[in-house]
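For reference, the structure is listed below as structure tokens.
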Amino acid sequence: MIDWTLENGVYTLSLGHAPCNEIGTGMLAALEGFLDQVDCDRAHTLIIHSSLRGGFCAGADLRELYAGLQGEDPATHRELLRSFLDRIHGVMDRLDMLPLTTVGVIHGICFGGGFELALCCDVLIAEKTARFCFPELRLGIIPGFGGIPRLRREVGNAMIRDLLLTGRSINAKRALAAGLVSQVVPKQEGMRAAKALAAQSGKFDPKARITAKQFIKPLPREELAREKELFVELALRPTLKAALKKFVESDDPRPYLA
Amino acid sequence: MNATVTTLIELAAKRFDADASAIRPDHDLFDALGIDSFAAAELLSDVEDKFDVEIPDYELQDIKTFAALADCIDRRR
């Protein structure tokens with residue numbers, strides 16, 4: 001599902017859960033496992049990338065979510081959603097605040113929860129194939145893994161509203177213009193660029209590097225907590241379940257365009 | 001056939017290893033290329049890059065054919 005290496009102070013975390021690194025309980029546990037074992041005293045940089053052709057990450061595992069929302073007891077659904085959200089927020093917050101320079105290498109699909117995962121990184125390098133999207137409104141919900149506050153930390157409100165309220169996707173060039181990513185590279189050049197960046201980061205004094213990150217990248221705790229509450233309230237309505245049913249049962253090759 | 005649709009067909013056929021000479025402007029994009037939604041996103045990136053346009057996904061919802069996509073590209077240029 002995921003794999004990681006540590007070489008010359010650089011962790012490389014490879015996401016490899018087909019079809020496109022959907023985030024369900026399995027991926028969540030794997031990410032928790034990585035974070036429990038990461039040794040920040042032996043490293044200066046973490047590179048996160050996908051080893052799958054389709055892209056970085058397609059977001060939350062909607063099929064698993066749909067299965068979890070079967071049954072009629074709203075209290076059970078609320079408990080399930082809260083438990084998952086608390087855990088995924090824990091993972092995202094830990095990734096966000098790691099005392100390492102974190103570099104996300106993005107190619108292809110970077111949608112929903114995948115986009116939210118990417119937004120935890122300090123630096124995003126997008127290959128030309130990358131596409132970023134928050135499709136949640138199509139399901140009657142909002143991003144729930146911390147995406148809105150983290151997006152607000154990166155880009156202006158005009159772009160946030162366009163992405164959130166239309167559910168449209170943007171390409172790497174547009175993401176660069178919006179300040180969402182800082183480098184765009186050709187297809188399959190992302191890892192080379194990330195390794196070069198890591199080598200540079202490794203030259204710096206650790207205390208100065210960590211202080212710079214903590215200063216410039218505070219965690220928007222209040223907004224993250226508020227987003228979680230709003231997500232749960234929206235997700236408990238029948239709208240989500242109906243949308244997930246349509247998604248799970250559809251054989252339309254264009255569900256993301258619906 | 002206008003230049004946009006010709007270029008579009010060549011671009012899409014090359015990306016997905018299809019035979020460009022067998023594709024007509026009125027063919028369904030998904031059927032002709034045998035692609036899924038992930039590949040469609042890839043094609044959209046290629047199109048935006050090649051024609052230097054930005055096309056919101058919601059403008060593509062009713063587009064089925066190469067000719068219709070070519071019209072959309074030309075409107076956005």
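Sequence lines set the chain letters: A, B, ... in the order given, protein chains first and strands last, and positions in each chain run from 1. Only this structure's heavy atoms are used, side chains among them; waters, hydrogens and symmetry mates stay out. Computed from a prediction, not measured in an experiment: that's the story for all the values here.
Counted within 6.0 Å of CG on B:Asp19, heavy atoms from surrounding residues, nucleotides or ligands total more than 12; the atom is thus considered enclosed. The local environment of NZ in A:Lys128 is sparse, with at most 12 non-hydrogen atoms from other residues, nucleotides or ligands closer than 6.0 Å. Remark: A:Arg152 CZ is loosely packed, at most 12 non-hydrogen atoms of other residues, nucleotides or ligands lying under 6.0 Å away.
Heavy atoms only, all atoms of each residue included: B:Ser45 and A:Ala130 are closest at OG-O, 4.0 Å.
Considering CD1 of B:Ile55 and CZ of A:Arg168, their distance stands at 11.0 Å, rounded to 0.5 Å. Atoms OG1 and CD, on A:Thr129 and B:Glu42 in that order, are 6.5 Å from each other to the nearest 0.5 Å.
Ion pairing between a basic and an acidic side chain is recognised when a charged N comes within 4.0 Å of a carboxylate O; B:Asp52 and A:Lys173 show such pairing.
Proximity of B:Glu54 to A:Arg174: side-chain heavy atoms (C-beta onward) are separated by under 4.5 Å at one or more points.
Put simply, the side chain of B:Asp57 gets close to the backbone of A:Ser169: a donor and an acceptor are under 3.5 Å apart.
Inspection of non-hydrogen atoms places no residue of residues 189-197 of chain A under 4.5 Å from chain B.
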